[in-house]
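Atoms within each ligand, like the ligands themselves, are counted from 1 in listed order. Quick note: residue numbers are just sequence positions, from 1. Predicted model only: the values in this text are computed from it and were never measured.
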Amino acid sequence: MINQLQENFSVPGLRFESGEGGLVKAVIDTPLASGEVYLHGAHVTAYQPKGAKPVLWMSGKSLFAESKPIRGGVPICFPWFGAHASDPKAAAHGSARLRPWDVLSAISNADGSVTIGLGTTIDHFSATFDVTVGAKLTMALKVALAADAPSPQSFEAALHTYLSVSDIHTVSIEGLETSDYLDKVGGTFAKVADGEAIRFTSELDRVYQNTDATCVLRDPGFNRSIIVEKSNSKSTVIWNPWIAKSARMPDFGDDEWQEMLCIESANVGENAIVLNPGETHVMTAVISCKA
Ligand code: TA6
C-alpha cells in the first residue's frame with residue numbers, strides 16, 4: 001500500500017510511511033514547515049514551522065489502533081459532536097476519526113507548501129479534508145450530501161485542535177470576550193460573555209456559539225502567540241481537562257493537562273449545518289504562530 005501511495009501521490013516534500021501502530025501516515029517536510037497526517041481519521045498529528053517549536057500537541061499515551069481515536073493533533077469530529085443525539089451507544093464525536101480515509105490528491109504548491117487531500121463517505125455524506133502544510137497550517141473540511149439523499153440532512157463538525165503550550169497556568173485566549181457560551185463542566189449551563197480573555201484555573205469545557213471570531217493564544221513561556229482563524233464556522237470549543245478528568249482518560253497522561261489546550265473550529269449545537277441533497281459546505285481553519 002505504501003509503495004502504491006508513493007507512486008500515485010509523489011510530490012516533492014511528501015512521503016508515506018508506516019507510523020505508530022503500523023498505521024500509514026503522510027510525512028511532509030519542506031523548507032517552510034514539517035507535518036504529519038495519518039490516514040486513520042485523516043488525523044493531523046504534527047505541524048511545526050521551520051525554526052519554531054511544535055504547534056500541535058500529542059499525548060504520550062495516545063492509542064494508534066484501528067477504530068480507536070488518536071489523542072492529540074487534530075481529530076475530526078463528524079457527523080456529530082460529543083454524544084450522539086439519540087444513540088447513547090454511538091461513539092463520542094462521530095465515526096470520522098475512527099476509520100481510514102482515502103488519499104485523493106497531493107500537490108506541491110508554488111509558495112513551497114504541500115497540500116494533501118483525503119476523503120471518506122459516511123451515510124449520505126461524502127467528506128474531503130485538504131491539509132496544507134506551509135508557513136501556516138490550513139485545513140478545509142468539505143462535506144457534500146449526495147444528490148440522491150432521501151431528505152435534507154444535518155451534521156455537526158469540529159476540527160478538535162490540540163495546541164502545545166508552555167504552562168496552562170500562564171496562557172490566555174483572546175477573541176471570545178463578547179461571545180456567550182455553554183459551560184459543559186458538570187452539566188450544560190448557558191453563560192453570558194464576561195468581557196475577559198480566557199484563563200485556566202480549573203477544568204474548562206466551553207462551547208461558544210454564533211461566533212466566527214479569530215482566537216489568539218498568548219503564551220509568555222514559549223514567547224509566542226498562536227492564531228486560529230476560521231471560515232464558515234460559527235462555533236468555537238475551548239477545552240482543558242485539568243487534573244481529575246485527565247486521570248480518568250486512559251489515553252492521556254495524568255500530568256499532560258499542563259502542556260495543552262484545545263481551540264476547536266466547529267459547527268455544533270444550534271450551529272449544526274443542514275444540507276439539501278446535492279449541497280456542499282466547506283469549513284476552514286488556518287493556524288499560524290508568531291513570536
Ligand atoms: O471538545 C471538548 C470535548 O467535547 C470534551 O467534553 C472532552 O470530552 C473532549 O472533547 C475529548 O473527547 P474525547 O471523546 O476525545 O475523549
Check: Quick one: is the NZ or CZ of R206 closer than 6.0 Å to the six-membered ring centre of Y181, and within 45° of its axis?
Finding: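 Positive - R206 is close enough to the ring of Y181 and near enough to its axis.
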
### Geometric cation-pi criterion K61 and F252, 6.0 Å radius, 45° cone
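Negative - K61 is either too far from the ring of F252 or too far off its axis.
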
### Audit row: K234, E270, salt bridge (Lys or Arg N to Asp or Glu O under 4.0 Å) steps and yes/no
CA-CA 9 Å; K234 282 291 182 192; E270 66 181 79; over 6 Å; no

R248, portion touching ligand 1 at heavy-atom distance under 4.0 Å:
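Looking at R248 and ligand 1, no heavy atom falls under 4.0 Å.
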
- For ligand 1, indicate whether the residue K184 contacts it via side chain, backbone, both or neither (heavy-atom separation under 4.0 Å).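 Contact part for K184 vs ligand 1: neither.
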
Which protein non-hydrogen atom lies closest to [atom], naming both residue and atom, and how far is it?
atom                    : answer
atom 14 (O) of ligand 1 : R97 NH2, 2.9 Å
atom 6 (O) of ligand 1  : D205 OD2, 2.5 Å
atom 2 (C) of ligand 1  : E264 OE2, 3.5 Å
atom 8 (O) of ligand 1  : K245 NZ, 3.3 Å
atom 16 (O) of ligand 1 : R71 NH2, 2.9 Å
atom 12 (O) of ligand 1 : H93 NE2, 3.3 Å

Margin query: I'd like to know whether E66 forms a salt bridge (Lys or Arg N to Asp or Glu O under 4.0 Å) with K68, so could you lay out the CA-CA distance, the side-chain angles of the two residues, the decisive distance to 0.1 Å, and finally the verdict.
Written below: CA-CA 5 Å; E66 279 166 24; K68 295 286 181 196; over 6 Å; no

Does the side chain of E264 come under 3.5 Å of the side chain of W239 through a donor N or O and an acceptor N or O?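 Not at all, the side chains of E264 and W239 share no donor-acceptor pair under 3.5 Å.
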
* To do: Measure the distances from the heavy atoms of F81 to every atom of ligand 1 and state whether one is below 4.0 angstrom.
  =>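 Distance cut 4.0 Å: F81 passes for ligand 1.
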
Assign the ring pair Y38 / F64 to parallel, tilted or perpendicular, where the plane angle (0 to 90°) is split at 30° and 60°.
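Tilted, since the angle between the ring planes falls between 30° and 60°.
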
ask   = Where does the angle between the aromatic ring planes of H93 and F81 fall among parallel (under 30°), tilted (30 to 60°) and perpendicular (over 60°)?
value =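 Tilted: the ring planes of H93 and F81 meet at 30° to 60°.
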
